[in-house]
Amino acid sequence: MAKPTPTAGVSTRAPASQRSRTAEMLQHAKAMGKTIEVAIDGSPIAVPLGTSILEAAGQLGIRIPTLCYHEDLCLAGVCRVCVVEIEGQRTLQAACSYPISSPINVKTHTSKVRRARRHIIDLLLSSHVGECYTCSRNQSCELRELAAEYGVDFFRFGHVQKPRYEIDASSHAVVRDMNKCVLCRRCIRTCIDLQEVGVLEALYRGNRSKVGTFLDRPLADVVCINCGQCINRCPTGALRANDPTDEVWDAIDDPRKHVLIQTAPSPRAAIGECFGLEPGHAVTFELNTALRRCGFDRVFDTDFSADLTIIEEGVELLLRLKRALVDGDASVALPQFTSCSPGWVKYVEHFYPERLAHLSSAKSPQQMFGALLKTYYAQINELDPRDIVTVALMPCSAKKFECNRPEMCASGHKDIDYGLTTRELAKMIHEAGIDLLKLPKSGFDDPFGTATGSGVIFGATGGVMEAALRTVVELVTGLKIEKLFDHADVIPVRGFEGIRYAELPISQIGPVPELVAHLFDNWDFLKDVTLKVGVAHGTANAKRVMEDIKAGGRFSQCHFIEFMACPGGCLGGGGQPSPTSPAIRAARA
Amino acid sequence: MLLTERERLHDELAELVTRYGRDRSSLLFILQEVQRRHYHISQYAMQVIADLLDIHPVEVHSVVSFYSFLDERPQGQFVIRLCRTITCDMAGKDHVARQLENDLGIKFGETTPDGKFSLDWANCLGMCDRGPALLVNQQVHTQVTPEKVHGILQECRQTFGVHATSDGRETRT
């Protein structure tokens, strides 16, 4: 696998969150030959040197409450909710950030610990403005859960009643309400360490400290790519998606409006989590029924336009290859980058504007479908596009931004009127009193009802690449891809490693299907070409690949690279249900 | 800011980055030097420093906003910080404060229109036994009385020009 190539003399801030701490420690312990015997609440356990108390307790099945700690992120140790008592030590220690280095006797729930925890939570609440009733995180607030768990019965240290900050709703995607912020800094670690976008950071000091952007500008004016990863990791309602459900209800209630919804595969795999299912149970067909009962006139499958995207991107790749290989045109922008992830597109616009030509010119599946609905669909159903309201169910907060981009209305009408996240649709279904899990199944509406399997895998990282490879190889060689690999899964590309690379030789030129045969007179230029492809998910990894291209490394020789802004691809999108963790994302795949 | 001024600032910052090293751990040294020379760290400077150190501008802003001795807005050449904590308060810091405001014609938190003086509060300077205490840039004055204020300001005025380096600052170019 390609190693990140740091530019000469510059040490970039390594995403600590992406390094596996346990693996490093085990290695370390082996070298030192050391495991340490500790006792937690009387139960003995031997752990490698440097394991945190929190991890050791987890192995024993002892739960220590946490707030600022997050599996995906580096340690902060700022909230102090996880304090424990260590025998012989005067002060309490934070379990998440205390590395075990000597045999200790830990007590996780003595009266001193319980009292301290309650006071810490009281203190967090004392500067937390807001009524739980009206909060978007009413049912999923980690702070509220902690308060309930630790018996907070009154505001011992007072409770701020008046909001201190204005709500920043400038962005189409992310709304920031700093009055609800408890300064756990998960969003900062997400933005700077996990995603390396660098929008949010702690500003000022002491009682004035707050999470802010560069020069405290509104979110719409800074380099935010709208990936929404901060929303998924916020323990309170301080960060939330810009919610258009009221507008969608208005459209549904308006008898003149023809309201269409398309659903993407990732939210279908995750929405069950909002109804008490374990991660990884797709409820696609029950969801169709629920959407019809909510009042949507037609329910379509985004897989259809995902197929279109693949054909367009595949053909665009072939055209670029021809110009590069046959015409010898050195100005051709290769490798071609995927353009499905609106967070990634905005990332390129901000951080690598000189590489914009590399982006595929294809619209994302969401926008393609919208354009189709407002033109072709309107035509065949004799509808006025002005009466059509297109809604998209996406796992993504950046899609809200994308559908509001001014250039996304080539037909004269907005391709997509509203983008809904998985969480918002779950709220709508709850609001309509529908029990999703008990509904009968029903299919998607025609004429766009049939799709291949490639769209379904779009949501997982590597999915777009896999689909594109299948398409290109099948178009060019005339072989079914099953013959190239043992089965249709293109193994080297899928998976959850941050950056992947694969090569695929084209050994023969087969009968080219009529659909694309007219593109070139002679397809032989592709014979013996080895297709080189790359996949990166999470903008931190995307950055590594971009730096590698800049330095002329392996990825600069690629023909096609799939980028997704979110770790784990769309399955880990910013519009998916909270909480998120590597295990949850893997289950959704 | 004029284009030429921007270019000059950019070159100056690049020189500082070379001197202290292209690493995020050099950030504070660079910021202190910029503050010494320009009496503030401008938005443009923050962005250039971030770019040169390969970190995010918001990280630079975070550091600048955290430290009281780093300023986002232009400060005077002489920043006077009067201690407002309890012992200095009891020793009569209010009289000193009023005298400073009168003599300079500005309130605390403001800068004189000629850009020479800024007035600000400080928390404990550790001179509790000799209050009221104040800081003029890096220099501490203790047992300050309203009568002494005039002398302190006069001393500052006399160190303008080439002598302004006496407290570690360089002349404004």
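Chain letters run A, B, ... following the sequence lines, proteins first, then strands; residues in each count from 1. Hydrogens, waters and symmetry mates play no part in the numbers below; they use all other heavy atoms, side chains included.
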Residues 205-217 of chain A, side-chain donor-acceptor partners within the protein, below 3.5 Å, at least two apart:
{"from": "A:Arg205", "atom 1": "NE", "to": "B:Phe66", "atom 2": "O", "distance (Å)": "3.2"}
{"from": "A:Arg205", "atom 1": "NH2", "to": "B:Ser68", "atom 2": "OG", "distance (Å)": "2.6"}
{"from": "A:Ser209", "atom 1": "OG", "to": "A:Gly206", "atom 2": "O", "distance (Å)": "3.0"}
{"from": "A:Lys210", "atom 1": "NZ", "to": "A:Asp216", "atom 2": "OD1", "distance (Å)": "3.4"}
{"from": "A:Lys210", "atom 1": "NZ", "to": "A:Asp216", "atom 2": "OD2", "distance (Å)": "2.9"}
{"from": "A:Thr213", "atom 1": "OG1", "to": "A:Arg217", "atom 2": "N", "distance (Å)": "2.9"}
{"from": "A:Thr213", "atom 1": "OG1", "to": "A:Arg217", "atom 2": "O", "distance (Å)": "2.5"}

Original post:
Roughly how far, to the nearest 0.5 Å, is OG of B:Ser25 from OH of B:Tyr20?
Top reply: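 B:Tyr20 OH to B:Ser25 OG: 12.5 Å, rounded to 0.5 Å.
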Original post:
What residue, out of A:Val223, A:Val199, A:Ile188, A:Leu203, has the most heavy-atom pairs lying under 4.5 Å from chain B?
Top reply: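 Most heavy-atom pairs under 4.5 Å with chain B: A:Leu203.
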Subject >> Side chain, backbone, both or neither of A:Val197 within contact of chain B (heavy atoms, under 4.5 Å) >> reply: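 For A:Val197, the contact with chain B is made by the backbone alone.
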Original post:
Which bit of B:His56 comes within less than 4.5 Å of chain A, counting heavy atoms only: side chain, backbone, both or neither?
Top reply: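 Just the side chain, heavy atoms under 4.5 Å.
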Original post:
Should A:Lys346 and A:Glu349 count as an ion pair when the cut-off is N to O under 4.0 Å?
Top reply: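 Salt bridge flag = no for A:Glu349 with A:Lys346.
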Subject >> Row check, A:Phe337 ring normal vs A:Arg355 NZ/CZ: under 6.0 Å, within 45° >> reply: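 Judged by the rule (NZ or CZ under 6.0 Å from the ring centre, within 45° of its axis), A:Arg355 is not positioned above A:Phe337.
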